Amino acid sequence: MKISLWNSRTGRKETFTPLQPERVRMYVCGPTVYDRAHIGNARPVVVFDLLFSLLRHQYGQQQVVYVRNITDIDDKINARALELNNSLGASLLDTIRSITDETIDWFHEDMAALGVLPPTHEPRATDYVREMVDMIGELLARRHAYVREGHVLFDTRSYPEYGSLARRSPRDMRAGARVEVAPYKTSELDFVLWKPSDDTLPGWESPWGRGRPGWHIECSAMSSRLLGTSFDIHGGGSDLLFPHHENEAAQSACAHPEAEFARLWMHNGMIRVNGQKMSKSLENFLTVRQLLEQGIAGETIRLVLLGTHYRQQLDWTDRRVEEARSILGEWRHITAGIDESDRNCHREVLEQLADDLNTPGAISVLHRLAADGSAAELKASAVFMGLLGDDLSDQLRKSVMEVMRLRDQARNQRNFDLSDRIRNQLGDVGIIVRDSKAGSRYHFQPVGARDAQMIAIDTTLGELTRMAKVGMQH
RNA sequence: GGCGAGUUGGCGGAAUGGUUACGCAACGGAUUGCAAAUCCGUCCUACACCGGUUCGAAUCCGGUACUCGCCUCCA
């Protein structure tokens with residue numbers, strides 16, 4: 001199967017061919033860990049998770065190396081640590097470590113709820129400072145960087161290709177720049193590779209004094225260490241194209257002139273909320289955790305994210321969430337009790353995904369499988385896309401069957417008051433019961449965070465069993 | 001100001017020259033202990049606007065309007 005992907009560097013859809021036939025290498029910019037992940041952070045994670053699955057399907061489970069970094073050196077993290085430290089009195093680095101450790105745990109929890117698989121490597125910037133220092137040294141030696149007032153800056157004028165990734169010329173960019181230019185920069189486009197840290201900030205020793213790396217060098221150092229100086233795909237949000245990715249590409253090209261760095265660049269579109277840009281001031285910043293706590297299932301969030309092509313801007317609305325929930329409910333109903341383990345993802349679904357990750361197209365194939373009653377194929381394909389994965393444990397399933405049996409008795413006795421209460425309460429915790437002449441059936445539908453739902457189901461089943469037994473005696 | 005993306009039925013959203021995609025919602029009817037589902041029907045021949053190419057255009061070309069993103073260490 002041919003895989004085509006849109007390359008933002010060339011502005012064209014290209015047939016994907018890995019540099020090494022048996023080893024596909026992908027790097028995606030991961031989160032800066034200072035707060036809960038919002039749906040904008042989640043989008044690239046979900047999109048490239050799906051691409052990861054597709055590539056592994058095509059090239060082999062062990063043949064794809066996927067690196068998604070964690071930025072744990074950042075001034076926002078420092079600011080939060082300083083704030084906390086004033087009340088705790090702990091050492092700054094310890095505080096930073098505990099903040100970032102906790103935030104990383106949150107991130108993993110939230111992404112797992114969205115059905116995201118772990119990447120092959122998840123490097124933390126703090127573990128690669130040595131590599132960054134080496135790379136900065138290399139750039140200085142090759143005269144692509146200069147030292148000024150304790151800072152090391154990349155000299156954009158030393159690299160004529162600067163701007164080629166984002167396809168814009170340095171001259172045009174100056175016209176409307178809103179940036180206040182630091183006085184030590186030779187050119188306003190130059191950017192920091194290393195900056196000095198005072199005693200209130202985390203720092204590492206370097207030939208240029210105690211300091212910390214700039215953001216862009218983090219990704220360059222981690223990717224070249226884990227993937228090599230040339231690799232296949234580099235992904236991230238479209239807002240990173242300039243300056244972050246442009247700078248990464250420039251640094252890497254100048255430090256390793258023999259290599260080509262990333263061959264294919266992919267950028268996902270931004271998320272808006274009810275037609276507005278997400279921002280703290282508008283109070284429309286939606287975190288994955290908030291949505292889960294509102295009872296929106298992870299797979300519902302995932303389906304909303306995949307319902308729009310990844311390059312397109314996506315407007316997050318309650319209506320779309322409701323639509324996704326409704327679709328998943330139907331698919332859950334169709335696939336209840338179906339064992340799909342001997343099936344693979346449907347060929348046409350794969351073909352849609354292979355066409356620059358056409359997820360809306362793939363979803364429409366899923367709809368057709370649902371309409372045709374191909375339950376096992378629907379489930380296998382949905383699972384491939386990270387949907388319909390979670391199910392009840394065998395133990396809970398048994399308890400549900402017992403309650404369903406008691407409810408049948410109640411219905412046979414025309415005790416509709418009792419049977420309706422059971423149906424409603426089960427429905428509240430995500431066990432959806434439908435009655436027909438052929439008998440009653442149920443299906444499981446995830447609601448919010450899985451752990452909380454499982455506890456709620458367990459409790460409700462216990463209550464209903466007691467209630468049914470008592471109710472039946474009268 | 002520069003660069004880029006986009007504008008498809010009530011909503012979401014595919015489809016790069018030639019069959020009413022598809023989904024969700026809403027409304028009416030059938031069915032049902034009730035709910036949901038199901039079935040039939042309706043909104044539904046939709047593609048921002050103007051012009052061109054073509055036997056034929058949502059799709060190609062030219063222009064216009066509008067929306068959005070980036071040019072700030074934002075996913």
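Residue numbers start from 1 in every chain, and the chains themselves are labelled A, B, ... in the order their sequence lines are given, proteins ahead of strands. Not measured: the values here are computed from a predicted model.
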Report which part of the nucleic acid [X] touches: base, sugar-phosphate, or nothing (heavy-atom distance under 4.0 Å, all strands).
{"X": "A:L240", "value": "sugar-phosphate"}
{"X": "A:G214", "value": "nothing"}
{"X": "A:G11", "value": "nothing"}
{"X": "A:T308", "value": "sugar-phosphate"}

Taking [M] as the reference, what is the distance to [N] when you measure between their [atom1] atoms (whole Å, please)?
{"N": "B:C44", "M": "B:A5", "atom1": "C1'", "answer": "29 Å"}
{"N": "B:A30", "M": "B:A65", "atom1": "C1'", "answer": "49 Å"}
{"N": "B:A25", "M": "B:A36", "atom1": "P", "answer": "12 Å"}
{"N": "B:U7", "M": "B:U64", "atom1": "C1'", "answer": "13 Å"}
{"N": "B:C68", "M": "B:G62", "atom1": "P", "answer": "25 Å"}
{"N": "B:U42", "M": "B:C22", "atom1": "P", "answer": "14 Å"}
{"N": "B:C60", "M": "B:U8", "atom1": "P", "answer": "16 Å"}
{"N": "B:A21", "M": "B:A37", "atom1": "P", "answer": "25 Å"}

Paired with [N]: which nucleotide, if any, by Watson-Crick or G-U wobble criteria at under 3.5 Å for both distances?
{"N": "B:A15", "result": "none"}
{"N": "B:C70", "result": "B:G2"}
{"N": "B:G10", "result": "B:C24"}
{"N": "B:A30", "result": "B:U38"}
{"N": "B:C43", "result": "none"}
{"N": "B:U64", "result": "B:A48"}

Practice task
Taking only the side-chain nitrogens and oxygens of A:R320, find out if one of them lies under 4.0 Å from OP1 or OP2 of B:G13.
Solution key: yes

Exercise for the section: Examine B:G2: is either OP1 or OP2 under 4.0 Å from a nitrogen or oxygen in the side chain of A:R167? Give yes or no. Expected result: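 Negative; the distance criterion is not met.
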
Less than 4.0 angstrom from a charged side-chain N to a carboxylate O is my criterion; do [X] and [Y] meet it?
{"X": "A:R441", "Y": "A:D435", "result": "no"}
{"X": "A:R319", "Y": "A:E323", "result": "no"}
{"X": "A:D35", "Y": "A:R289", "result": "no"}

Completion exercise
On RNA chain B, more 5' by nearest nucleotide between A:H309 and A:I73 is A:H309

Practice task
Map A:W6 and A:D74 onto RNA chain B by nearest heavy atom, then report which one ends up closer to the 5' terminus.
Solution key: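 Looking at RNA chain B, the more 5' nearest nucleotide goes with A:W6.
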
Can you check the [X] [atom1] to [N] [atom2] distance for me, whole Å?
{"X": "A:K277", "N": "B:C68", "atom1": "NZ", "atom2": "C1'", "result": "10 Å"}
{"X": "A:L241", "N": "B:C74", "atom1": "CG", "atom2": "P", "result": "13 Å"}
{"X": "A:L426", "N": "B:A36", "atom1": "CG", "atom2": "C1'", "result": "14 Å"}
{"X": "A:F242", "N": "B:C74", "atom1": "CZ", "atom2": "P", "result": "12 Å"}
{"X": "A:D315", "N": "B:U7", "atom1": "CG", "atom2": "P", "result": "15 Å"}
{"X": "A:D239", "N": "B:G4", "atom1": "CG", "atom2": "P", "result": "18 Å"}
{"X": "A:Q312", "N": "B:A15", "atom1": "CD", "atom2": "C1'", "result": "14 Å"}
{"X": "A:R311", "N": "B:A14", "atom1": "CZ", "atom2": "C1'", "result": "14 Å"}

Handout entry: Main-chain N/O of A:W265 paired with A:N7 side-chain donor or acceptor, under 3.5 Å
Key = yes

Practice task
Answer yes or no: is there a donor N or O on one side and an acceptor on the other, between the side chain of A:H346 and the main chain of A:E348, under 3.5 Å?
Solution key: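 Yes; judged by distance alone, with no hydrogens or angles, the pair exists.
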
Handout entry: Heavy-atom closest pair, residues A:C254 and A:H144
Key =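 Closest approach of A:C254 to A:H144, heavy atoms only: CB-CD2, 3.3 Å.
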
Handout entry: Closest heavy-atom pair and its distance - A:S419, A:R407
Key =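 Closest heavy-atom pair between A:S419 and A:R407: O-NE, 2.8 Å.
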
Practice task
Starting at the 5' end of nucleotides 18-35 of chain B, put B wherever the base has a protein heavy atom under 4.0 Å, S where only the sugar-phosphate does, and a dash everywhere else.
Solution key: ---BSBSS-------BBB

Exercise for the section: Please determine which of A:R311, A:H234, A:H245 meets the side chain to side chain donor-acceptor pair (under 3.5 Å) test together with A:H267. Expected result: A:H245

Handout entry: Geometric cation-pi criterion A:R157 and A:Y162, 6.0 Å radius, 45° cone
Key =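 A:R157 over A:Y162 ring: no.
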
